[in-house]
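Please read the structure below before turning to the comments.
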Amino acid sequence: MARKKIIAGNWKMNMTPSEAVALIEKLKPLVVTDEADVVFCVPAIDIIPAIEAAKGTNIQIGAENMYFEEKGAFTGEISPAMLVDAGVKYVIIGHSERREYFAETDETVNKKVLKAFEHGLTPIICCGESLTQREQGITIDWIRQQIKIAFLNVTAQQAESAVIAYEPIWAIGTGKVATTEQAQEVCAAIRACIGELYGADTAAAIRIQYGGSVSASSAPELFAQADIDGGLVGGASLKEDFGKIVNYK
Ligand code: PGA
C-alpha cells in the first residue's frame with residue numbers, strides 16, 4: 001500500500017504573526033507538490049494569520065502543542081476545540097523540547113493524543129532517544145515504550161490516521177543528522193511495534209516521519225527509505241530550503 005509522504009515544518013518559537021505571513025508568501029510557490037502532504041506547524045498566535053495566508057494553496061497549518069482538557073481554568077493553554085475552530089488539522093504532540101522544558105511525560109502525551117483524536121485532529125506524535133540512551137544500546141526499547149504509552153486506548157482506526165515523528169534528541173538542531181540506516185532501523189521498529197499493537201493493516205497505513213537536522217541534502221536519501229514517510233523539519237522549514245525538502249525527488 002502506498003503511503004502518501006507527509007512533510008511538516010516545525011517553526012518552534014520563531015516568527016511573529018507578520019513574519020509568519022511573509023514567510024508563507026515566500027514559500028508557497030516553492031512547496032507546491034501533489035506527492036506529499038505539506039504542513040506548517042506554527043506558534044499558536046500565528047495560526048489564524050497563517051491559515052489566511054495559506055488559503056488556496058496546498059499548505060495545511062498545524063499547531064505545535066495543545067492541552068488535553070476541553071476548556072476552563074488552565075491559564076495560557078490552547079484547547080483542541082480552539083484549534084479546530086481556527087481550521088487546524090494537525091498538532092504536534094510530545095516534542096522532545098516540550099518533554100524537556102515543559103515537563104511533558106509519556107502519560108500527558110497519551111492524554112493529548114486521545115483528546116486530539118476526539119476532536120478530529122491528526123496528532124504528529126514525537127518520540128526519540130537521547131545520546132546516552134543510544135550509547136547504552138537501549139534506543140529501540142525506549143522508543144517502543146514511548147509508543148506503547150502514547151497509543152494507550154487509541155483505537156486501530158485512529159492509529160492508522162496518526163503520524164509518528166521519530167526524532168533522535170541528539171540530532172535535533174545540532175546539524176548532526178542520523179544516518180539513513182539509523183533512521184530507517186528505528187522507523188521500521190516503530191512500524192513493527194504498531195503492528196504488534198494493532199495488526200499489519202494499521203502498521204502499513206500509519207505514517208512515520210524522521211526528524212532531526214533534515215536538510216535539502218539529507219532529505220532525498222532519508223525519504224527514500226522503506227519505513228520513512230517524510231520528515232518533521234525544524235530549522236530548515238524557515239528557509240527556502242524547505243521547498244527543496246518538500247520536492248526532494
Ligand atoms: P531541526 O528540528 O530540523 O532543527 O533539527 C527538528 C524538530 O525539532 O522537529
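Both counts, for ligands and for their atoms, begin at 1 and track the order of listing.
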Just jot down the ligand 1 atoms closer than 4.0 angstrom to any heavy atom of [X], in number order.
X	value
H95	7 (C), 8 (O), 9 (O)
A171	5 (O)
G212	5 (O)
G173	1 (P), 4 (O), 5 (O)
S213	1 (P), 3 (O), 5 (O)
E167	6 (C), 7 (C), 8 (O), 9 (O)

* Close approach of G175 to ligand 1, heavy atoms, under 4.0 angstrom -> no
* Derivation and outcome, side chain to side chain donor-acceptor pair (under 3.5 Å), residues E100 and H95 -> CA-CA 9 Å; E100 182 177 354; H95 190 278; over 6 Å; no
* Asked: Tell me, which protein residue and heavy-atom name are nearest atom 3 (O) of ligand 1, and how many Å apart are they?
  ->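 In this structure, atom 3 (O) of ligand 1 has G234 N, 2.8 Å as its nearest protein heavy atom.
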* Asked: To which protein heavy atom is atom 4 (O) of ligand 1 closest, and what is the distance rounded to 0.1 Å?
  ->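 Answer, as residue, atom name and distance: G235 N, 2.9 Å.
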* Run through K4, K5, K249 and flag the one making a side chain to side chain donor-acceptor pair (under 3.5 Å) with E35. => K249
* **side chain to side chain donor-acceptor pair (under 3.5 Å) partner of E129, chosen from Q146, R134, Q136** => R134
* Between F242 and F40, ring centroids under 6.0 Å -> yes
* Asked: Where's the contact between N10 and ligand 1, heavy-atom distance under 4.0 Å: side chain, backbone, both or neither?
  -> side chain
* To do: Could you tell me whether A165 approaches ligand 1 through its side chain, its backbone, both or neither, with non-hydrogen atoms closer than 4.0 Å?
  => neither
* Asked: Has the side chain of T202 got a donor or acceptor atom that lies under 3.5 Å from a matching backbone atom of E160?
  -> no
* Asked: Does G211 reach ligand 1 with a nitrogen or oxygen that is under 3.5 Å from one of the ligand's nitrogen or oxygen atoms?
  ->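 Looking only at distances, the answer is no, because the N/O contact criterion of under 3.5 Å is not met.
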* Asked: Among K112, K148, R99, which residue meets the salt bridge (Lys or Arg N to Asp or Glu O under 4.0 Å) test with D106?
  ->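 The passing option is R99.
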* Asked: Around Q157, counting heavy atoms of other residues, nucleotides and ligands shown, do more than 12 lie under 6.0 Å from its CD?
  ->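 No.
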* Using ring pair (Phe, Tyr, Trp, His ring centres under 6.0 Å) as the criterion, list what pairs up with F151, not counting sequence neighbours. =>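 Partners of F151 under the ring pair (Phe, Tyr, Trp, His ring centres under 6.0 Å) test: none.
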